[in-house]
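The structure appears right after this line, and notes come after that.
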Amino acid sequence: MTNKIGAKQWYLENFKIFESKLNGESESSFHKVRHGALRKLQELEFPTVKNEEWKYTNVKPVLNQNFTPAANLKFKTDNSILKQEYLFEGFDHHLIVFVNGLFNPELSNIGRLPQGVIVDNLKSTIKNRPELVEKFLHRSKIITAFDALNALYAYDGLFIFIPEGKALVKPIHVMYINGDNETNVLSQPKNTIIAESNSQVSVITNYVGTGSKNYFSNIVTEVFTDANAVVDLYKIQNEKTDSFHIERTEIHQKKESVFSHFNISFGGALIRNDINSTLDDEFCECNFNGLYLANDKQHVDNHTFVDHATPNCLSNELYKGILDDESHGVFNGKILVRKDAQKTNAYQSNKTVLMSKKATIDTKPQLEIYADDVKCSHGATVGHLDDTAFFYIRSRGVPSSIAKSMLIRAFVSDVIEKVKIESLKEKLNHMIFEHLNREEI
Amino acid sequence: MLSIKELKAQVEGKDILKGLNLEVKAGEVHAIMGPNGSGKSTLANVLAGNEGYEVTGGEVIFENKNLLEMDPEDRAREGLFLAFQYPIEIPGISNSTFLKTAINEIRKYKGLPEIAAKEFLVLMREKAKILGMDDNLISRSVNTGFSGGEKKRNEIFQLLMLNPKLAILDETDSGLDIDALRIVSNGVNEFRSRDNSVIVVTHYQRLLDYIVPDFVHVLYKGKIIKSGGKELALELEEKGYDWVKNSELTAASV
């Protein structure tokens with residue numbers, strides 16, 4: 001369907017349909033959040049390349065199509081939609097499944113949870129634990145029109161709550177299956193992960209695509225890491241190659257908390273990630289690990305921001321990419337060290353390998369330091385696979401195709417090595433070769 | 001086994017090899033010595049097929065085949081092995097995966113089935129023992145985080161695992177202490193046989209105390225200017241490279 005009325009108008013009009021279907025829920029306090037978003041979306045325009053933050057990412061293709069918000073649709077649920085190959089194996093986990101951003105209880109297998117732990121969907125949580133929703137979700141920031149769009153239709157999504165002192169032993173495996181055979185769907189999960197003090201949780205999110213129609217995933221994820229909490233968040237983005245994926249992840253870190261993010265990007269026509277962490281308190285540790293692979297004419301844009309607002313924090317960022325064919329990558333990594341943030345350690349590195357002459361990357365590491373007693377470094381390199389290493393491997397009788405695969409694996413190894421779940425490492429290596437159409441090693 | 005005739009090669013447009021001749025027969029060990037910049041490493045790299053080096057003339061016949069027409073991987077499959085002066089680190093690929101891939105590719109080329117897992121393991125243990133490497137080193141990523149000595153040792157380990165016909169050692173002795181030198185030489189001597197040949201490229205005579213050559217050649221300005229037996233190496237050590245340079249000049253002026 002081509003866009004006849006403009007994206008903003010289309011989404012504002014669809015909101016009337018959405019609202020009419022809410023029934024009693026429109027009386028809930030959460031509905032105020034949506035109305036706040038409505039006013040915001042009326043004010044804001046979708047970003048253009050004139051906007052510095054969107055300079056290299058033209059969202060026109062996303063706006064030229066009318067996507068129907070999933071909450072306004074009735075889907076024929078087919079349980080075969082969850083394919084075995086989507087699931088990560090080799091470790092016990094709690095499985096929660098969302099289809100087009102809507103919780104699917106039949107496909108989920110959450111299992112037993114320790115007392116007080118919540119692994120649920122937003123819709124139920126609004127009903128069952130309104131005080132939690134009130135406390136954490138009413139203050140979500142809206143920066144872009146995409147954020148406003150997500151908040152406007154905020155209806156469902158992941159909701160995790162780990163109470164004080166609890167450690168969830170098994171990782172939570174979150175499957176997002178998007179797409180449909182009849183409609184161009186707008187899938188908008190609103191995800192929330194709350195780890196209270198001294199708690200621990202590992203969350204693996206996996207986005208996959210299905211159906212014949214292309215779709216748009218517009219996601220907002222918020223992570224609240226309280227004092228001493230340890231949170232690992234893995235994002236494996238493997239959407240359909242004709243579809244769009246925009247996500248903003250906001251992390252709020254309190255004293256001595258450790259947050260590790262893995263942003264592994266495989267598919268999609270246009271991918272944009274904004275990952276922002278605010279180190280709000282002393283002795284926090286924040287790790288951003290990223291891997292982006294693209295081929296054909298795919299576009300992948302990663303914007304990260306670490307705000308060192310307090311002293312004695314550590315941030316470590318490593319983003320690596322392999323771009324083939326005519327794909328385009330963007331990396332914009334900003335580190336802000338505020339005046340009071342003495343004894344900050346902040347490191348950032350971005351490395352990209354271009355596998356073809358037509359692949360391009362725009363990389364912009366930014367370091368802004370206002371404190372004087374800090375250790376910071378950043379750097380970006382763009383290059384090709386190492387010729388000498390290529391020769392070395394071939395000189396052992398290994399054909400050039402496998403030699404290339406070995407070099408790819410070598411290139412990504414320092415990111416993959418940081419993955420803490422052994423069988424996930426192997427799976428990711430497998431996905432890398434599959435995605436690049438290269439022989440696996 | 002190997003016949004090099006009038007070999008000429010360039011690196012980045014600069015002539016390095018200027019008509020080099022060398023005959024190596026099965027079972028022989030040849031040492032190629034020479035001062036820095038004489039073309040020793042270029043010779044080793046050209047023979048192994050490094051595309052950074054351009055052959056501009058001459059021919060190389062290896063086991064009755066035109067070596068210069070082959071890709072590096074085919075040269076290896078035909079039985080040529082280069083121990084690198086600066087071995088490359090390949091993080092994320094274990095020594096065992098690397099070697100198993102190489103062995104199976106070579107076997108495939110020869111029409112042989114893949115090596116059995118158990119046979120491979122036994123072979124690894126046997127060869128590692130010769131070089132005093134522990135099992136831990138085998139499971140580690142290729143050369144990653146290895147010391148200079150460990151890397152050189154790993155090259156010889158690969159040599160023993162792949163068991164080629166001709167081994168070219170490019171300055172394998174550089175940066176090795178005396179103990180490591182002994183271990184590495186011991187590995188090379190293990191490889192020596194009536195059917196296998198070795199070309200030892202070195203700046204110093206020291207290595208040749210342990211790997212005793214049948215022939216010593218002096219490479220200077222891209223040509224072999226003097227050949228002799230193992231005693232030539234000792235003479236060089238004693239008199240220095242100026243001696244051959246000068247004697248070459250004397251010979252030329254006569």
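To find a chain, count down the sequence lines: A is the first, B the second, and so on, and within it residues start at 1. Note that these values count all heavy atoms, side chains included, but never hydrogens, waters or copies made by symmetry.
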Close side-chain approach of B:Glu105 to A:Ile402, heavy-atom, < 4.5 Å: yes
Which bit of [X] comes within less than 4.5 Å of chain A, counting heavy atoms only: side chain, backbone, both or neither?
| X | result |
| --- | --- |
| B:Glu78 | neither |
| B:Asp74 | neither |
| B:Phe98 | both |
| B:Pro87 | both |

Between atom [atom1] of [X] and atom [atom2] of [Y], what is the distance when rounded to the nearest 0.5 Å?
| X | Y | atom1 | atom2 | result |
| --- | --- | --- | --- | --- |
| B:Ile93 | A:Ile393 | CD1 | CD1 | 7.0 Å |
| A:Glu417 | B:Ser141 | CD | OG | 7.0 Å |
| B:Leu47 | A:Ser395 | CG | OG | 12.5 Å |
| A:Glu439 | B:Thr101 | CD | OG1 | 10.0 Å |
| B:Phe84 | A:Thr388 | CZ | OG1 | 8.0 Å |

Residues A:Tyr392, B:Asn143; criterion side chain to side chain donor-acceptor pair (under 3.5 Å); working and verdict: CA-CA 12 Å; A:Tyr392 182 71; B:Asn143 294 326; 3.3 Å; yes
The interface call for A:Leu407 against chain B, heavy-atom contacts under 4.5 Å, is neither
Under the side-chain contact (heavy atoms from CB on, under 4.5 Å) criterion, do A:Phe391 and B:Asn45 qualify, and how do the steps go? CA-CA 10 Å; A:Phe391 168 60; B:Asn45 276 283; 3.6 Å; yes
Please determine whether the number of non-hydrogen atoms from other residues, nucleotides or ligands lying under 6.0 Å from atom [atom1] of [X] exceeds 12.
| X | atom1 | result |
| --- | --- | --- |
| A:Lys320 | NZ | yes |
| B:Lys8 | NZ | no |
| A:Lys420 | NZ | yes |
| A:Tyr86 | OH | yes |
| B:Glu114 | CD | no |
| B:Asn136 | CG | yes |
| A:Lys240 | NZ | yes |

With the threshold set at 4.0 Å, does a side-chain nitrogen-carboxylate oxygen contact exist between A:Arg396 and B:Glu155? yes
Whether A:Arg394 side chain and B:Glu73 backbone form a donor-acceptor pair below 3.5 Å: no
Nearest heavy atoms of B:Gly92 and A:Ser413, plus distance in Å: CA-CB, 3.8 Å
Where is the tightest heavy-atom contact between A:Gly397 and B:Ile106, given as atom of each residue plus distance? CA-CG1, 4.4 Å
Which one wins on heavy-atom pair count under 4.5 Å against chain A: B:Leu99, B:Leu162, B:Leu82? B:Leu82
